[in-house]
Structure formats: C-alpha cells, structure tokens
Amino acid sequence: MKITGTRSYILVEYDYRTVKISGELTLAPAFYAYVDSIYQWEPPYEKNTISEEEKQELIKKVMESNNPDFPIIFEL
C-alpha cells in the first residue's frame, strides 16, 4: 500500500488500483479523511464502484499503516 497526497486529498494505492480520498490537512499535523468520498476507483478502473466491504477494508488497511507522526483519521 502506498499513500500520497496533498492538503485536500490522499491517493491510496491498494492492490493494483488507486482511490482518491478527500479530506483536510490540519496543523497538528494530521489528515482528516472523509469516508463519504470513498466511492470510485481512479482511472482506468473508474467504472468500478467501491463496495461497502472494499471501503471498510481500505479504511482498515490505511489505519494499520498509519504513521504516528502523521496520522490519517477517518470522519463520517
């Protein structure tokens, strides 16, 4: 799993696909990711929606790989 991003989103490479997750970078520093923004893979897999099971697995994997110096926190 590879995680990159900007102040307003992160890109999570999971298996062979990538998902863009919207959120906000805070001064803490931490990134608050919006769960509702996890619904579609990035091209060339954009026609495949992300199931609820895949969404929960993505969140779980991101949380497991969290860096304590720069946490990613999921908000509903």
CD1 of Ile73 to CD of Glu24: how many Å apart, nearest 0.5 Å?
12.0 Å

Show me the donor-acceptor pairs within less than 3.5 Å that the side chains of residues 38-47 make with the rest of the protein, sequence neighbours left out.
| from | atom 1 | to | atom 2 | distance (Å) |
| --- | --- | --- | --- | --- |
| Gln40 | NE2 | Glu46 | O | 2.6 |

Please, which pairs that meet salt bridge (Lys or Arg N to Asp or Glu O under 4.0 Å) have at least one residue in residues 2-17, sequence neighbours excluded?
Arg17-Glu54

Judged by atom type as modelled, is there a donor-acceptor pair below 3.5 Å linking the side chain of Asn66 to the main-chain atoms of Ile72?
yes

With side chains defined as the heavy atoms from C-beta onward, is the minimum distance between Thr26 and Phe31 less than 4.5 Å?
no

Within the 4.5 Å heavy-atom criterion, are Val62 and Phe74 side-chain neighbours or not?
yes

Taking C-beta and beyond as the side chain, do Ile3 and Ser65 meet within less than 4.5 Å on heavy atoms?
yes

Within the 4.5 Å heavy-atom criterion, are Ile59 and Val35 side-chain neighbours or not?
yes

Please give me the minimum heavy-atom distance between Ala30 and Phe70, naming the atom from each residue.
N-CE1, 4.2 Å

Looking only at heavy atoms, the pair that brings Pro71 and Pro68 closest together is CD-O, 3.9 Å

Under the side chain to side chain contact (heavy atoms under 4.5 Å, CB included) rule, collect the residues that match up with Glu52, sequence neighbours excluded.
Lys55, Gln56

Share the residues that join Leu27 in a hydrophobic cluster, the rule being Ile, Leu, Val, Met, Phe, Trp or Tyr side chains under 4.5 Å apart at the heavy-atom level.
none

Distance in Å, Lys20 NZ paired with Tyr9 OH, rounded so as to fall on 0.5 Å steps
5.0 Å

Apart from Tyr34 itself, its cluster of hydrophobic side chains linked below 4.5 Å comprises none

Side-chain contact, heavy-atom cut-off 4.5 Å: Val12 with Leu58?
yes

Salt bridge (Lys or Arg N to Asp or Glu O under 4.0 Å) involving Glu57 - partner list, sequence neighbours excluded
Lys61

Below 4.5 Å, heavy atoms only, C-beta onward: do Val19 and Ile50 meet side chain to side chain?
yes

